[in-house]
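Quick notes on the structure that follows.
Count residues from 1 along the sequence. Both counts, for ligands and for their atoms, begin at 1 and track the order of listing.
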Amino acid sequence: MSKLKIMSVFGTRPEAIKMAPLVKHLATLPEVESICCLTGQHREMLDSVMDIFNLRGDYDLNIMQTRQTLSSITSRTILGMDEVIEQAQPDLILVHGDTSTTFAGALAAFYHKIPVGHVEAGLRTWDKYSPFPEEMNRTLVGDIASLHFCPTRNNLRNLDQEGVRGDKFITGNTVIDAMKTTVRPDYRFQTGELNELDFSNRRVIALTCHRRENYGEAMRNIMEAVRELVETHPEIDVVYPVHLSPVVRECAFGILSGIPRVHLIDPIDVEEMHNLMARCYFVMTDSGGLQEEAPALGKPVLVLRRETERPEAVRAGTVKLAGVEKARILELANELLNDPAAYEAMAHAVNPYGDGNACDRIARAILWHFGKSEDRPEDFGSSDCE
Ligand code: UD1
Ligand code: UDP
């Protein structure tokens, strides 16, 4: 029997972290030939993930440019993928999430009439400009894809509500699979600054901030809130691995550099990041991935955005939407620092996003869809987030 040729396409840090365990799992299946096409939308941050998971791309479009525009990412990916698809002739193309790589990868597959599987399908805010451009990217991929791998029941309902067609599965999020290999109690940090932090006696806050819709005033508000928080709390340290986007770096370093106890460091690899979260006091972030990871580690999260497409952990009580106004961010952060009961109410481990078996469910769903197995996988039961 001929093997099913599955090409996974990804290019940014979060896609790589969440696709790596799936790519590795697919490679173990006798029915499958698993290959990877990297767009290189992120260069350094993608390579760091590939190194940690010991993976290599079979194709690399290497599209990244400094201060790249959405149009350049999209057009360079589509053009690059034309050639790759002609050469590789995959039976299925997998894309992940909501980046420009995701959208352009799916569109290129569609132009070649190759079926698309969408991993992390069905997340929605219902606001096309927030997150921008991610909400529209994932909505458009929903129409293109034939297989939809929804992390939670709530995500599946979103697709049903839109009338999206195709085979839909509730699988859990693959990032929880990835965390099985990255989080270790005896982990030793490679980054000097992280080794010097006293996690036992001081309160360490892990911060990330990079979203396009936060560029400008919102990001300045966030940085100013962090500056005031540190200045008013001598017991805290803030660790901020600053994204490589020049827009983000100008804002972060402009407002926070030189402030004592704010540690502005370069992006850290995913093992460092997951273990930093496991040891910190709480997390402040506008990242999507961190909103899924921190709850699994029992860490409170303040989301530095106006909305979230991940309401499950908000409902579970571990995540609060802090918005992008300085006063409200400070109010919620102060509450976590000053009120032990408020802290305890948020600091419990919940796993609405997965049980660590998402890759296995996705693989079994693919085999079932292509008639290589008779067993449709059971849905991941995400009862605590319904
Ligand atoms: C992209 C995704 C966003 C995701 C984020 C994860 C889009 C439109 N946005 O946003 O959904 O949340 O990745 O981090 O797809 N850069 C480097 N080296 C790197 C990575 C980035 O120098 O390894 C710099 C480049 O100058 C690049 C800029 O960062 O032009 C912005 O990168 P880009 O991928 O366009 O946007 P992100 O904000 O990273
Ligand atoms: N991450 C990392 N190093 C960092 C910051 C984040 O490895 O310095 C990881 C984080 O743990 C999560 C992913 O990158 O798995 C999230 O990526 P990002 O916040 O860039 O994108 P988003 O999830 O918002 O799309």
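Residue Q65 has at least one heavy-atom neighbour below 4.0 Å for each of these atoms of ligand 1: 25 (C), 26 (O), 27 (C), 30 (O). Counting atoms of ligand 1 from 1 in the listed order, those under 4.0 Å from a heavy atom of L70 are 8 (C). The distance from ligand 1 to the heavy atoms of S245 drops below 4.0 Å at these ligand atoms: 24 (C), 28 (C), 29 (O). Every atom of ligand 1 with a heavy atom of M45 under 4.0 Å away is listed here by number and element: 19 (C), 20 (C), 23 (O). Listed by atom number, the atoms of ligand 1 under 4.0 Å from P133 heavy atoms are 8 (C).
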Residues R184, E271; criterion salt bridge (charged side-chain N to carboxylate O under 4.0 Å, His left out); working and verdict: CA-CA 9 Å; R184 297 190 288 276; E271 288 189 329; 3.4 Å; yes
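The aromatic ring centres of F189 and F199 sit less than 6.0 Å apart.
The nearest protein atom to atom 4 (C) of ligand 2, hydrogens excluded, is given as R13 NH1, 3.1 Å; this is a heavy-atom distance. Closest protein heavy atom to atom 1 (N) of ligand 2: M273 CG, 3.6 Å. With hydrogens left out, the protein atom closest to atom 21 (O) of ligand 2 is P14 CG, 3.3 Å, a heavy atom. The nearest heavy-atom contact from the protein to atom 23 (O) of ligand 2 is G289 N, 2.8 Å. Scanning the protein for heavy atoms near atom 19 (O) of ligand 2, the closest one is S287 OG, 2.8 Å.
A donor-acceptor contact shorter than 3.5 Å is absent between the side chain of D266 and the backbone of P241. The main-chain N or O of I35 is never found under 3.5 Å from a side-chain atom of D58 such that the two would form a donor-acceptor pair.
Counting heavy atoms closer than 4.0 Å to ligand 2, residue R211 contributes side-chain atoms (C-beta onward) but none from N, CA, C or O. When heavy-atom distances to ligand 2 are checked against a 4.0 Å cut-off, K18 has no atom that comes that close, whether in backbone or side chain. Heavy atoms of L290 found under 4.0 angstrom from ligand 2 belong exclusively to the side chain.
The closest non-hydrogen atom to atom 8 (O) of ligand 2, taken over I268, V175, D98, T99, comes from I268. Closest to atom 9 (C) of ligand 2 by heavy atom, among T12, L207, I17, V270, is I17. When A294, G288, G97 are checked for heavy-atom proximity to atom 22 (P) of ligand 2, G288 turns out nearest. When the heavy atoms of Q41, H42, M64 are ranked by distance to atom 17 (C) of ligand 1, first place goes to M64. With distances taken over non-hydrogen atoms, the option nearest atom 15 (O) of ligand 2 out of E134, E292, H42, E293 is E293.
Classification of E44 and R13 as a salt-bridged pair fails, no side-chain N sitting under 4.0 Å from a carboxylate O. A salt bridge between E120 and R310 is present, with a side-chain N of the basic residue lying under 4.0 Å from a carboxylate O of the acidic one. Contact check on D237 versus R261 returns no salt bridge, with no Lys/Arg side-chain nitrogen under 4.0 Å from an Asp/Glu carboxylate oxygen.
The 12-atom threshold is not exceeded at NZ of K113, counting heavy atoms of other residues, nucleotides or ligands nearer than 6.0 Å. Within a 6.0 Å radius of CD in E378, other residues, nucleotides and ligands contribute 12 heavy atoms or fewer.
When side chains are defined from C-beta on, Y281 counts as touching L337, because their heavy atoms get closer than 4.5 Å.
Here the CD atom belonging to E213 is positioned 9.0 Å from the OG1 atom belonging to T125, to the nearest 0.5 angstrom.
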